[in-house]
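Read the structure below first, then the notes.
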There are 2 protein chains.
Amino acid sequence: MKKSPPPKPTDTELAILRVLWRLGPATVRAVHAEFNRVQETGYTTVLKMLQIMTEKGLVRRDESERSHVYQPVLSEQHVQRQLVGHLLDRAFGGSAQKLVMQALASKKSSPRELAEIRRLLDKLEKEA
Amino acid sequence: MKKSPPPKPTDTELAILRVLWRLGPATVRAVHAEFNRVQETGYTTVLKMLQIMTEKGLVRRDESERSHVYQPVLSEQHVQRQLVGHLLDRAFGGSAQKLVMQALASKKSSPRELAEIRRLLDKLEKEA
DNA sequence: GCGATACTACGAATTGTTTCGTAGGTGTCA
DNA sequence: TGACACCTACGAAACAATTCGTAGTATCGC
């Protein structure tokens with residue numbers, strides 16, 4: 001009976017989740033290979049991380065084959081929202097506006113992206 | 001010679017920084033009192049945190065009085081931008097647009113705030 | 001069948017975070 | 001002056017995160 005929702009992933013865990021979102025269900029070997037393109041790490045390190053992440057409920061493990069196959073429990077969008085919500089509470093006193101302002105200021109977006117955001121604003125204002 | 005920029009604050013450190021941003025320069029006693037309105041904590045715990053944060057360069061300490069006075073090294077905006085930048089890299093592959101979308105979706109903003117964001121968009125588009 | 005290879009499990013070392021008790025010094029005031 | 005309150009420094013405990021070596025077991029190629 002593990003009901004409680006998975007905890008917020010650490011930075012390292014998030015890096016592994018990002019590999020899994022990219023690859024889809026994958027073995028330790030596959031994750032390790034992909035992970036090492038950016039970050040040199042031992043095989044058993046990745047294995048251990050995935051084992052711990054399984055205990056935490058961050059990933060699910062298929063043990064039907066000898067090489068276990070791992071996949072994320074939550075979607076990338078879901079975790080992104082979780083992390084944004086956390087940052088919102090911790091650093092911005094819950095003000096999404098302030099966070100959005102900082103995000104737009106801290107990294108230039110393309111005109112296309114800005115237009116996309118504008119479209120979302122239209123939609124939100126219509127709902128209100 | 002401590003040149004390197006202060007590290008990303010932990011959640012607890014951030015909570016203390018938020019108190020300092022609210023109060024301005026403050027003694028351990030003042031920070032402790034304010035902090036405890038939300039989170040019950042021992043006096044020496046807050047003291048130790050502030051000592052560690054001083055070593056890390058997150059806060060500056062004025063020792064000219066018997067009760068030392070602490071203040072943040074970086075502005076709230078600066079740290080907010082730092083944290084947004086970090087989240088952007090770690091969870092959003094650098095796409096500010098995706099982060100903004102999630103922020104707006106995860107917490108309803110008031111029409112006034114949406115208008116404010118729209119104004120920022122206007123400004124950014126004019127620059128481009 | 002046997003040696004090489006691949007895989008998981010486990011334990012342990014290291015490092016960082018958080019909490020708080022205790023000790024020692026300084027000031028206050030009756 | 002002596003009791004008391006307040007302040008900082010320090011060390012240690014408890015916990016979590018990260019890394020990796022070693023051991024044990026299964027599988028494959030010959």
Side-chain angles (χ1 to χ4, degrees), chain A residues 2 4-20 23 25-36 38-71 79 83 86 90-91, chain B residues 2 4-20 25-71 79 83 86 90-91:
Chain A
K2 43 174 124 105
S4 57
K8 175 165 97 69
T10 65
D11 277 355
T12 307
E13 287 166 351
L14 183 58
I16 288 182
L17 283 175
R18 282 173 65 76
V19 169
L20 284 175
L23 294 184
T27 61
V28 176
R29 184 144 304 275
V31 172
H32 176 247
E34 189 65 17
F35 195 86
N36 267 36
V38 176
Q39 178 92 52
E40 166 105 13
T41 315
Y43 176 89
T44 55
T45 302
V46 173
L47 169 65
K48 182 68 160 186
M49 286 302 299
L50 284 166
Q51 286 170 342
I52 290 172
M53 290 168 75
T54 303
E55 283 169 18
K56 289 188 182 178
L58 289 170
V59 298
R60 196 192 329 277
R61 174 169 55 188
D62 175 357
E63 307 181 358
S64 63
E65 300 294 327
R66 184 158 99 90
S67 295
H68 299 172
V69 174
Y70 293 86
Q71 61 181 304
V79 171
L83 294 173
H86 189 261
R90 297 303 172 146
Chain B
K2 45 174 120 98
S4 58
K8 176 165 97 71
T10 66
D11 278 355
T12 306
E13 288 165 351
L14 184 58
I16 288 183
L17 283 175
R18 281 173 66 76
V19 170
L20 284 175
T27 61
V28 175
R29 184 144 305 276
V31 172
H32 176 247
E34 188 66 17
F35 195 86
N36 267 36
R37 299 172 70 82
V38 177
Q39 178 92 51
E40 166 105 9
T41 313
Y43 176 88
T44 55
T45 302
V46 173
L47 169 64
K48 182 68 160 185
M49 286 302 299
L50 283 167
Q51 287 171 341
I52 290 171
M53 289 168 75
T54 302
E55 283 171 18
K56 289 188 182 179
L58 289 169
V59 298
R60 195 190 332 276
R61 174 168 56 187
D62 176 357
E63 307 180 357
S64 63
E65 301 292 328
R66 185 158 98 91
S67 295
H68 299 172
V69 174
Y70 292 87
Q71 62 181 304
V79 172
L83 294 173
H86 190 263
R90 298 302 171 148

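Note on naming: letters A, B, ... go to the chains in the order of the sequence lines (proteins, then strands), and numbering restarts at 1 for each one.
Residue A/Thr27 is out of contact with every strand shown, counting any heavy-atom pair closer than 4.0 Å. Base engagement by B/Thr45 is indicated by at least one non-hydrogen atom pair under 4.0 Å involving a base atom. A/Thr44 comes within 4.0 angstrom of a base, heavy atoms only.
Set against C/dC20, C/dT8, C/dT17, the side chain of B/Lys56 has C/dT17 as its closest nucleotide. Counting only heavy atoms from C-beta on, A/Val28 has its side chain closest to C/dT8 among D/dA12, C/dT18, C/dT8. Candidate nucleotides D/dC7, D/dA17, C/dA6 were compared by shortest atom distance to the side chain of A/Arg66, and C/dA6 ranks first. Listed candidates were D/dT18, C/dC20, C/dT8. Nearest to the side chain of A/Thr10 is D/dT18. When the nucleotides D/dC7, C/dG11, C/dA9 are ranked by their closest atom to the side chain of A/Gln51, C/dA9 comes out on top. Considering only the side chain of B/Ser67, D/dC7 comes nearest among D/dC7, D/dT18, D/dA9. When each of D/dC10, D/dC7, C/dC7 is scored by its nearest atom to the side-chain atoms of B/Arg29, the top-ranked nucleotide is D/dC7.
Remark: of the listed residues B/Leu50, B/Thr41, B/Thr10, B/Leu50 is the sole one forming a side-chain contact (heavy atoms from CB on, under 4.5 Å) with B/Ile16.
For A/Glu63 and C/dA9, the CD to C1' distance is 11 Å, given to the nearest whole Å. The CD atom of A/Glu65 sits 15 Å away from the C1' atom of C/dT8 (whole-angstrom rounding). Atom CD in B/Gln39 sits about 7 Å away from atom P in C/dT19, given to the nearest Å. Computed from coordinates, the A/Glu40 CD to D/dT19 P distance equals 12 Å when rounded to whole Å. Counting to the nearest Å, the C1' atom of D/dC10 and the CG atom of B/Leu50 are 16 Å from each other. Across the protein-nucleic acid pair, A/Leu47 atom CG and C/dA9 atom P stand 7 Å apart, rounded to whole Å. A straight line from CE of A/Met53 to P of C/dT8 spans 15 Å, rounded to a whole angstrom. For the pair A/Asp62 CG and C/dT8 C1', the computed distance is 15 Å after rounding to whole Å.
For A/Arg90, the salt bridge (Lys or Arg N to Asp or Glu O under 4.0 Å) criterion is met by no residue, not counting sequence neighbours.
Distance check, rounded to the nearest 0.5 Å: CZ of A/Phe35 to OG1 of A/Thr12 gives 6.5 Å. A distance of 10.5 Å separates CZ in A/Arg60 from OG1 in A/Thr54, rounded to the nearest 0.5 Å.
In this structure, B/Glu40 places its CD atom where only 12 or fewer heavy-atom neighbours from other residues, nucleotides or ligands lie under 6.0 Å away.
Annotation for A/Ala91 and B/Arg18: closest pair O-NH1, 3.1 Å, computed over non-hydrogen atoms.
In terms of polar N and O atoms assigned as donor or acceptor, the side chain of A/Lys48 comes within less than 3.5 Å of the base of C/dG11 in a complementary pairing.
The phosphate of D/dC6 has neither OP1 nor OP2 within less than 4.0 Å of any side-chain N or O from B/Tyr43.
Mapped onto DNA chain D by nearest heavy atom, A/Lys8 and A/Gly42 fall at different nucleotides, with A/Lys8 at the one closer to the 5' end.
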